[in-house]
Amino acid sequence: MSKKEKIINIAVIAHVDAGKSTLVDALLNQSHVFRDNEEVVDCVMDSDAIERERGITIYSKNCSIMYKDYKINIVDTPGHADFSSEVERIMKTVDTVILLVDSSEGPMPQTRFVLNKSLEQGINPILFINKIDKKDARIDEVVDEVYELFMDLEANDEQLDFPILYGIARQGIAVRNPEDAMDIVIGEGAAKMKKSPKGLGGLNIDPLLETIVDHCDPYPDRNEEPLQLQVSSLAYDDYIGRLGIGRVTRGVIKAAQQVAVTKADGSVSKNKLNQIFVYKGLSRVSVDEAECGDIVVVSGIPDISIGETICAVDCPEAMEMIKIEEPTLSMNFMVNSSPFAGKVGKYVTTRHIKERLEKELEVNVGLLVEPTDSTDAYKVSGRGELHLSILIENMRREGYELAVSKPEVVVKRDESGAKLEPVEEVVISVPDEYTGSVISKLNLRKGLMKQMMSEGNGYSRIIYTAPTRGLMGYRTEFINDTHGEGTMVRRFEGFEPWKGDIPDRINGVAIAQEEGNCTPYAIFNIQERVQMFVEPGTHVYEGMIVGMNARSDDMVVNPCKAKRATNMRAAGSDDTIKLTPPRTFTLEEALEFISNDELVEVTPEDIRLRKKLLHELERRRAGRD
């Protein structure tokens, strides 16, 4: 066998919006992965349609670059707390992590989570202070805050001795001293600097690559030992089926090789591998064999699962299973039973929904699916509202129709049988004039203030712990209360004793009385007391929610009522009706808005709100029980 390739595996970790995908762009660009004339999109690793639309990373992805004679495998990870199960798994496959921190925001809640996971694995991180061209950059204070964070997380001496780099990922710049980049920032003018990850003014990403090579020893040569590979994530290919992804810990893995797979329950099964792939740039390339240290994709084992170990047949030695944090939120996925069911969607039956959820379980390990008392519904639990709503959004785009209930927190019991509920840390940055309303709202929702400080520039930073149950539905209120100027970041902290009753939505809703098309005449008369969710021409059915009542009780209205025809001529009187624009809901906003007796009906074209019981008489009977 030829001399072993030098391989280093790294992950880029950070809080949401710190610039992970942008830094990976710069590493790929400056490693000549793309042709000179190739059209390259921003955040090239965010290949999923929803990732592109929302500008966030949802799934961790792999690529590789060559630097000198080193092959560096890079894993781009999500920063949003709801997808942290993606981060937990990949920590076992990397040699070091690049911890990205914003030069003005400093360490945020999710920074703490991802750093803690890497320190637990004994990884020695590299710190990269990003966006040093910001006007409100406070580089020295942020570095001090990161040191404090490392100490809080009980990092050892070696981990505390981390290298620090500074840079602007958008421009593909990394420097060892922030002063080195200041001439460019001042000379170019931060406002005029266009995104160009190819480097600027003679500066590039090389100092970061040099640091990675100096900081990490390449993976040791263990090619002669028996094969061992732990599956850390899964993928699915329509042609070759289920794929397992992981790092070869020792030995050499070959295509069409006979292997033993050690399962979670301790059993061992024998399988034959099909193809082996490695990453070259952004591409997955089929190879005959891969050496220890490399991140590979294997096909041919249809029931492979996360945490299982692929071993040599004569030496089935399991590695410790990967622990994934438990779900905190659940909702029921039901067959759509509205009068409009099946008019738009392609997949509408229980069987379709069950098969789709089972397929999702193959790759989405943070998810839990359980049957319910009803044959038409499944209880789906996940890491947060965004985690579950991304799944629903994907299903909707694939042609599924379903109804979902209000999200509920997962309740546990302690040894004495007392109820425990999930609690989150909330970090809020808000203009000083709105702090009063934010504090009073969070206090009502059983939040507990931990810290409040001035950020300067007329902004305050407030840190709260609050039950997940109380934070549901608060985001929209928060945006309204702070006139869109506040930012709120949440992180799951743990389970604490039940906090008692929390007030629900104050307003009642307006419910359609009959099926038909809405008329301007009817909406004009209803909108005095109701904030409308529908516009003229919208097709509604009995029991569908068409607006929010100004009062606390529900009200049945008829938005389809037509103006009585008379033989009196009134030229253009209908043209003068002025209607207030209706409130439209995204999927997350709809899930936040509904109460326990309501559902969100999701179809490929529409998101509708409805009552569980569509007929008024049924609702009255249920109210009396």
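Each residue takes its place number in the sequence, starting with 1. Values reported hereafter were calculated over all heavy atoms of this structure, with side chains retained and with hydrogens, waters and symmetry mates removed.
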Could you check whether any side-chain heavy atom of [X] comes within less than 4.5 Å of a side-chain heavy atom of [Y], counting everything from C-beta outward?
{"X": "Val423", "Y": "Thr468", "value": "no"}
{"X": "Ile212", "Y": "Leu208", "value": "yes"}
{"X": "Thr328", "Y": "Val409", "value": "no"}
{"X": "Leu591", "Y": "Met331", "value": "yes"}
{"X": "Leu127", "Y": "Leu99", "value": "yes"}
{"X": "Val369", "Y": "Glu358", "value": "no"}
{"X": "Asp294", "Y": "Tyr279", "value": "no"}
{"X": "Leu153", "Y": "Glu120", "value": "no"}

Using only heavy-atom distances, determine whether the side chains of Ser595 and Asp597 contain a donor-acceptor pair under 3.5 Å. no
How about [X]: does its [atom1] atom have over 12 heavy atoms from other parts shown lying under 6.0 Å from it?
{"X": "Glu408", "atom1": "CD", "answer": "no"}
{"X": "Lys450", "atom1": "NZ", "answer": "yes"}
{"X": "Asp265", "atom1": "CG", "answer": "yes"}
{"X": "Glu370", "atom1": "CD", "answer": "yes"}
{"X": "Lys612", "atom1": "NZ", "answer": "yes"}

Between [atom1] of [X] and [atom2] of [Y], what distance do you get to the nearest 0.5 Å?
{"X": "Asn480", "Y": "Lys441", "atom1": "CG", "atom2": "NZ", "result": "8.0 Å"}
{"X": "Glu592", "Y": "Lys406", "atom1": "CD", "atom2": "NZ", "result": "8.5 Å"}
{"X": "Leu391", "Y": "Met395", "atom1": "CG", "atom2": "CE", "result": "6.0 Å"}
{"X": "Ile607", "Y": "Ile392", "atom1": "CD1", "atom2": "CD1", "result": "9.0 Å"}
{"X": "Tyr219", "Y": "Asn9", "atom1": "OH", "atom2": "CG", "result": "9.0 Å"}
{"X": "Asp414", "Y": "Lys419", "atom1": "CG", "atom2": "NZ", "result": "12.5 Å"}

Give a yes or no on whether the backbone of [Y] and the side-chain of [X] come within a donor-acceptor separation of less than 3.5 Å.
{"X": "Gln159", "Y": "Asn156", "value": "yes"}
{"X": "Asn73", "Y": "Ser64", "value": "no"}
{"X": "Asn130", "Y": "Leu100", "value": "no"}
{"X": "Thr309", "Y": "Thr262", "value": "no"}
{"X": "Ser405", "Y": "Asn332", "value": "yes"}
{"X": "Gln228", "Y": "Glu317", "value": "yes"}
{"X": "Ser381", "Y": "Pro327", "value": "no"}
{"X": "Gln230", "Y": "Arg247", "value": "no"}
{"X": "Thr96", "Y": "Cys216", "value": "no"}

Please evaluate residues Asn336 and Tyr400 with respect to the criterion side chain to side chain donor-acceptor pair (under 3.5 Å), reporting the C-alpha separation (whole Å), side-chain torsions for both, the decisive distance (0.1 Å), and the verdict. CA-CA 10 Å; Asn336 185 12; Tyr400 286 83; over 6 Å; no
Atom of [X], atom of [Y] and distance for their closest heavy-atom approach:
{"X": "Gly244", "Y": "Val231", "result": "CA-CG1, 4.0 Å"}
{"X": "Glu105", "Y": "Arg138", "result": "O-NH2, 3.5 Å"}
{"X": "Ala137", "Y": "Ser103", "result": "CB-OG, 3.4 Å"}
{"X": "Thr435", "Y": "Ile462", "result": "CG2-CD1, 4.1 Å"}
{"X": "Ile502", "Y": "Pro467", "result": "CD1-CG, 3.9 Å"}
{"X": "Asp432", "Y": "Ser460", "result": "OD1-OG, 2.5 Å"}

Take Val12 and Phe128, measure what side-chain contact (heavy atoms from CB on, under 4.5 Å) needs, and give me the verdict at the end. CA-CA 10 Å; Val12 185; Phe128 188 91; over 6 Å; no
Considering only NZ, NE, NH1 and NH2 on the basic side and carboxylate oxygens on the acidic side, decide whether [X] and [Y] come within less than 4.0 Å.
{"X": "Lys359", "Y": "Glu398", "result": "no"}
{"X": "Lys446", "Y": "Glu496", "result": "no"}
{"X": "Glu588", "Y": "Arg475", "result": "no"}
{"X": "Arg610", "Y": "Glu601", "result": "no"}
{"X": "Arg461", "Y": "Glu145", "result": "no"}

Could you walk me through whether Asp303 and Lys263 pass the side-chain contact (heavy atoms from CB on, under 4.5 Å) check? CA-CA 10 Å; Asp303 59 346; Lys263 306 280 186 187; 3.3 Å; yes
When Leu234 is tested against each of Ile304, Val297, Leu243 for side chain to side chain contact (heavy atoms under 4.5 Å, CB included), which residue passes? Ile304
Stepwise, does the side-chain contact (heavy atoms from CB on, under 4.5 Å) test hold for Glu485 with Tyr459? CA-CA 10 Å; Glu485 292 181 54; Tyr459 272 72; 3.8 Å; yes
Given ring pair (Phe, Tyr, Trp, His ring centres under 6.0 Å), test Phe162 with Tyr147 step by step and report yes or no. CA-CA 10 Å; Phe162 51 84; Tyr147 271 113; 4.7 Å; yes
Parallel, tilted or perpendicular, as decided by the 30° and 60° cut-offs, for the rings of His483 and Tyr434: parallel
Audit row: Lys131, Ser104, side-chain contact (heavy atoms from CB on, under 4.5 Å) steps and yes/no: CA-CA 8 Å; Lys131 307 184 186 179; Ser104 71; over 6 Å; no
Among Lys499, Arg413, Arg469, the one residue meeting salt bridge (Lys or Arg N to Asp or Glu O under 4.0 Å) with Glu421: Arg469
